[in-house]
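Here is the structure we will look at.
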Protein chains: 2
Amino acid sequence: MSKTSHANAQAGAALQARPFAPIVQRLRQAGLRPTRQRLCLARLLFEPGDRHVTAEQLHSEANAARVEVSLATIYNTLHQFTEAGLLREVVIEPGRSYFDTNVTNHHHFFLEEDGALMDIPGEHIALAQLPEPPAGLKVSRVDVVVRVTRGK
Amino acid sequence: MSKTSHANAQAGAALQARPFAPIVQRLRQAGLRPTRQRLCLARLLFEPGDRHVTAEQLHSEANAARVEVSLATIYNTLHQFTEAGLLREVVIEPGRSYFDTNVTNHHHFFLEEDGALMDIPGEHIALAQLPEPPAGLKVSRVDVVVRVTRGK
DNA sequence: AAGAAAGTTTGTAATTATTCTAAAGTTCTT
DNA sequence: AAGAACTTTAGAATAATTACAAACTTTCTT
Ligand SMILES: [Mn+2]
Ligand SMILES: [Mn+2]
Ligand SMILES: [Zn+2]
Ligand SMILES: [Zn+2]
């Protein structure tokens, strides 16, 4: 199916994958082989800009884009990307995880009716007088979730 | 404090349930009948002071206390208590909910290794310059979770 | 390029936490 | 006491996620 073979392997990849090149680099840097599945998922995730997706959502998008990827691979990939620092996992509701393409310091509005997440830039929330963590523990992350609703 | 022993209407209940009386009242006030199961669970939850439990944990405790309660009832009760404002549900990890007996304004340390929650009094965290919620939405709650770890 | 090693994908089974159902039991009202 | 209303429960059903092992792809060696 793919013109994988012959000629100059590196040059060929670089040519046909011009827009993917940066993504390929990011994957390689993370120690992940740039497979068809990972590249497609990376495009779906990172090209549209900041977003928050669930595994099922991403799977639907892949299907809609005529890309065959199993749900198992969706989960594998989301976790590997998270591990590699390309994504951040956000837990807000019991039973489902969101994966956030914005890995910079920021917080969230959570719209309860729609299950939708919206970024709040890190500078827009100031946490004053955060208490010392208990004996010998280090803060690994601080999450602020502002739950909002439209009904009263 | 005062021995407000009224007529014999509910005298029997009052007598045998001396220490439960306040709990019975709280349940009645919430429109919940004070059943054996709910009373036992309420004692396990509220007598030891502020705590954070999962459904399974509470179920184990009930079993350990020789109280037969089905897991379905544990879930029913936790949700009814939450609905009634006696508990608060806290979601931190995918796949499990914690129920918090402290329903006052406060936040949490989450110890990643143990899955343990610790309260941070509300006054000990100041959220400055919280941005306006998007058009027509009201803030229903703000949750701050400080994830701490002992390994680096 | 060929072969081997290493890593990846995937269908399917398994797990986990939670919710649903409807029948049997309990509490409340009159 | 008797009926209405509510509650409990065993067990089935869901939903999201994870585990597995075989087949496949990519990368490394030669
Ligand atoms: Mn996860
Ligand atoms: Mn819940
Ligand atoms: Zn975000
Ligand atoms: Zn708490």
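Residue numbering restarts at 1 for every chain, and letters A, B, ... go by the order of the sequence lines.
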Spell out, as yes or no, whether a donor-acceptor pair under 3.5 Å connects the side chain of [X] to the backbone of [Y].
X	Y	result
B:H106	B:T104	yes
B:H124	B:I120	no
B:T149	A:S140	no

Sorted by first residue and then second, give each ring pair (Phe, Tyr, Trp, His ring centres under 6.0 Å) pair with at least one member in residues 50-69 of chain A; sequence neighbours left out.
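For residues 50-69 of chain A: A:H52-A:H108.
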Using five base pairs at each end, measure the axis-to-axis angle across the helix from C:dA1-D:dT30 to C:dT30-D:dA1 and round it to 10 degrees.
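Computed from the C1' atoms at both ends, the axes differ by 30°.
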Can you measure [X] atom [atom1] to [N] atom [atom2] for me and round it to whole angstrom units?
X	N	atom1	atom2	value
A:E89	D:dA16	CD	P	15 Å
A:R96	D:dT14	CZ	C1'	13 Å
A:L78	C:dT8	CG	P	15 Å
A:H59	C:dT9	NE2	C1'	12 Å
A:H79	C:dT9	NE2	C1'	17 Å
A:R28	D:dT25	CZ	P	17 Å
B:Q57	C:dT18	CD	C1'	16 Å
B:E56	C:dT19	CD	P	13 Å

Name all pairs fulfilling the salt bridge (Lys or Arg N to Asp or Glu O under 4.0 Å) condition that reach into residues 52-64 of chain A, sequence neighbours left out, sorted by first residue then second.
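Those involving residues 52-64 of chain A are A:R51-A:E61.
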Among residues two or more places apart or on two chains, list those pairs meeting salt bridge (Lys or Arg N to Asp or Glu O under 4.0 Å) that have a residue in residues 100-126 of chain B.
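Every salt bridge (Lys or Arg N to Asp or Glu O under 4.0 Å) pair that includes a residue of residues 100-126 of chain B, provided the two are not neighbours, is B:D114-B:R150.
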Can a donor-acceptor pair be found between the side chains of A:E89 and A:T82 at a distance below 3.5 Å?
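There is no such pair (donor and acceptor under 3.5 Å, judged by atom type) between the side chains of A:E89 and A:T82.
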Hydrophobic side-chain clustering at under 4.5 Å (ILVMFWY, transitive links): who's grouped with A:V90? Put none if nobody.
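Besides A:V90, the cluster holds A:I92, A:Y98, A:F110, A:L117, A:V145.
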Are OP1 or OP2 of D:dT18 and a side-chain N or O of A:Y75 less than 4.0 angstrom apart?
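For A:Y75, the contact criterion (side-chain N or O under 4.0 Å from OP1 or OP2 of D:dT18) is not met.
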Footprint string (nucleotides 4-9 of chain D, 5' to 3'): B base within contact, S backbone only, - free, heavy atoms under 4.0 Å
-BBSSB
Decide whether A:L39 and A:L71 are clustered together by the hydrophobic rule: side chain heavy atoms of Ile, Leu, Val, Met, Phe, Trp, Tyr closer than 4.5 Å, transitively.
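Yes, it is one cluster - the side chains of A:L39 and A:L71 are joined through contacts under 4.5 Å.
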